[in-house]
Amino acid sequence: MRALTGTAQDWPAKLVLLHAMKGGRSDLTVLPPLVVHADEDAAFTDEVSAMVG
């Protein structure tokens, strides 16, 4: 589970990214927040750019 924020200043997060598998038996892991935008200019962070392609 991972909280999503627009920029680093947007707290608290209002969305959660959840990856699940039906019948999966692993523990829940809470990851650090995913910051979508590097700044107010709507540029994606490097991590999000790598996901989007």
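- Both Val52 and Val36 belong to a single network of hydrophobic side chains, linked directly or stepwise wherever heavy atoms of I, L, V, M, F, W or Y lie under 4.5 Å apart.
- In this structure, CG on Leu34 lies 6.0 Å from OG1 on Thr45, to the nearest 0.5 angstrom.
- With contacts defined as side-chain heavy-atom distances shorter than 4.5 Å, the pair Val48/His37 does not qualify.
- Screening residues 43-53 for salt bridge (charged side-chain N to carboxylate O under 4.0 Å, His left out) gives Arg2-Glu47 as the qualifying pairs, with residues at least two apart or on separate chains.
- The hydrophobic clustering, which links ILVMFWY residues whose side-chain heavy atoms are closer than 4.5 Å, places Leu31 and Leu28 apart.
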